[in-house]
Amino acid sequence: MGPGPIDADPRVLRALSTPLVGQYDPVMTGYMNDTMELYRGVWATRNEATVLVDGTSRAGIEAALVSLVRPGQRVLVPVFGRFGHLLVEIARRAQAEVHTIEVPWGEVFPASVVEEAVRRVRPHLVAVVQGDTSTTMNQPLEELGAICARHGALLYTDATASLGGNPFEADAWGIDAATAGLQKCLAGPSGSAPITLSERAVAVVRARSRVEEGLRVEGDPDTDDPVRSNYFDLGMILDYWGPRRLNHHTEATSMLYAARECARILLEEGRQAVIDRHALHGRAMLAGVRGLGLEVFGDVAHKMHNVVAVHIPAGVDGDAGRAAMLADYGIEIGTSFGPLHGRVWRIGTMGYNARRDAVLLTLAALEQTLRRGGVRVPAGGGVDAALEAYAA
């Protein structure tokens, strides 16, 4: 019940045990095509370039940034938590000229502030996290695509922690590139990174396309300014997933099965229904921690549905409290990073664990853990408050 990874859905675990097939077996390529179409539904997009990057969510981030940004191009990163700093780190390693704007952790950016920075910096790419689990904040994206389009910039967003549990409209919001992972609201294991690219983004990638020696035929592109990574070259990844099936890597078959099943589960329940479920259990957890007298961190109006951060009560050893929750009740909650490490606990309600029983059990265990740590809390306050939230 932390900020992720979470327990995988049993259906996903079963999918992981499906027998392996060769990477060009018709079953395998059929699954790849099926997975692309499923994730178009997850992302709410018609983008043809909707595939998986083999690796954890960070692999998707790196593939997007290294493929979309040439050395020396300007990138603007609005930083409101630890994972905004990660985008800065990866963009700098891609040799971009990186500019940042920042707000205190626990806040988000008004669209007007982002537009002023875009106007001033004139970036090639704006890279922003949607939901930053380090602070639990959810950056509004609805206006950013239009802002970037007005000023000739691409918009990339890291939706690792938010996709599935919070609204995300790739096409309607004008997002050019987005990446995620399975281990949060999508109810799967870490190890596969869904990505979607708009036609504008694909054009940027294709301008740096290269077909490797040994595969190249007459007329294939061979740029003198290729993407600086071979494994994370999205042009080659798209060629692998596309009709030519040009060899690039051996697809992580079991992770493909898992990613496909994550999308099937989400779309069978209904994309909006899954978002609503995360909102419901997030509200109950928020009410519950407040019912225990805990102070919630950050701007609650912009909190993600799927995780809440609470200030650790004075006099309580945060790490010891987390260890007791795990040892006594088998429940894992998280702390945070940097300036929030040891100051807050982060409690998730995401994916398979966005359930009433998981919320109530966590609150009951947290109450007992706080009592044993010497904190005076209302008897049954967390569970009662959560039940009232559910009743409402």
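For the single chain, residues carry numbers from 1 onward in sequence order. All values below come from the heavy atoms of this structure, side chains included, with hydrogens, waters and symmetry mates left out.
The list of salt bridge (charged side-chain N to carboxylate O under 4.0 Å, His left out) pairs with a residue in residues 376-390, not counting sequence neighbours, is empty. Screening residues 260-294 for ring pair (Phe, Tyr, Trp, His ring centres under 6.0 Å) gives His281-Tyr390 as the qualifying pairs, with residues at least two apart or on separate chains.
The pair Arg58-Asp158 does not count as a salt bridge, with every side-chain nitrogen at least 4.0 angstrom from each carboxylate oxygen. The pair Arg119-Glu116 does not meet the salt-bridge criterion, since no charged nitrogen lies less than 4.0 angstrom from a carboxylate oxygen. Remark: Asp220 engages Arg244 in a salt bridge, criterion side-chain N to carboxylate O under 4.0 Å. A salt bridge does not link Arg210 with Asp233: every distance from a Lys NZ or Arg NE/NH1/NH2 to an Asp or Glu carboxylate oxygen is 4.0 Å or more.
Seen from the ring of Tyr24, Arg245 does not count as a face-on cation partner, given the 6.0 Å and 45° thresholds.
Within a 6.0 Å sphere centred on CD of Glu269, heavy atoms belonging to other residues, nucleotides or ligands number more than 12. Residue-environment remark: CZ (Arg371) exceeds the threshold of 12 foreign heavy atoms within 6.0 Å. Residue Glu143 qualifies as open at atom CD: its count of foreign heavy atoms under 6.0 Å is 12 or below. Within 6.0 Å of the CZ atom in Arg150, the count of heavy atoms belonging to other residues, nucleotides or ligands exceeds 12.
For the pair Asn47 (side chain) and Leu197 (backbone), a donor-acceptor distance under 3.5 Å is present. Between the side chain of Asp9 and the backbone N or O of Tyr352 there is no donor-acceptor pair closer than 3.5 Å.
For Leu182 against Pro189, the heavy-atom pair with the smallest separation is CB-O, 3.2 Å. Scanning all heavy atoms of the two residues, the minimum distance from Gly342 to Ile312 falls at O-CD1, 3.3 Å.
When side chains are defined from C-beta on, Val53 counts as touching Leu234, because their heavy atoms get closer than 4.5 Å. Side-chain contact between Tyr329 and Thr369: present, with at least one pair of heavy atoms (C-beta onward) separated by less than 4.5 Å. Side-chain contact between Leu256 and Ser192 is absent, with no heavy-atom pair separated by less than 4.5 Å. Side-chain contact between Asp222 and Val211: absent, with no pair of heavy atoms (C-beta onward) separated by less than 4.5 Å. Taking 4.5 Å as the limit, some side-chain heavy atom of Trp105 sits within range of a side-chain heavy atom of Arg82. No side-chain heavy atom of Thr160 sits less than 4.5 Å from a side-chain heavy atom of Phe83. A 4.5 Å side-chain heavy-atom check between Pro78 and Val126 finds at least one atom pair inside the cut-off.
Between the side chains of Thr45 and Tyr39, no donor-acceptor pair of N or O atoms lies under 3.5 Å. For the residue pair Tyr231/Glu62, the side-chain donor-acceptor check at 3.5 Å is not satisfied. Glu212 and Asn230 are linked by a side-chain donor-acceptor pair at a separation below 3.5 angstrom, with hydrogens and angles left out of the test.
Expressed to the nearest 0.5 Å, how far OG1 of Thr362 lies from CG of Asp357 amounts to 9.0 Å. Glu332 contributes atom CD, which lies 10.0 Å from atom CE of Met325 (distance to the nearest 0.5 angstrom). If you take CG on Asp276 and CZ on Arg271, they are separated by 11.0 Å, rounding to the nearest 0.5 Å. Rounding to the nearest 0.5 Å places CZ of Arg120 at 7.5 Å from CD1 of Ile101. Taking NE2 from His305 and CZ from Arg283, the interatomic distance works out to 7.5 Å, rounded to the nearest 0.5 Å. With rounding to the nearest 0.5 angstrom, the CG atom of Asp299 is 10.0 Å from the OG1 atom of Thr135.
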**Request:** Evaluate the side-chain contact (heavy atoms from CB on, under 4.5 Å) criterion for residues Phe168 and Ile175: first the C-alpha distance (whole Å), next the side-chain angles of each, then the deciding distance (0.1 Å), finally the verdict.
**Result:** CA-CA 10 Å; Phe168 193 96; Ile175 293 170; 3.5 Å; yes
**Message:** Is there a side-chain hydrogen bond (donor to acceptor under 3.5 Å, both in side chains) between Tyr257 and Ser17? Walk through the geometry before answering.
**Reply:** CA-CA 9 Å; Tyr257 296 156; Ser17 68; over 6 Å; no
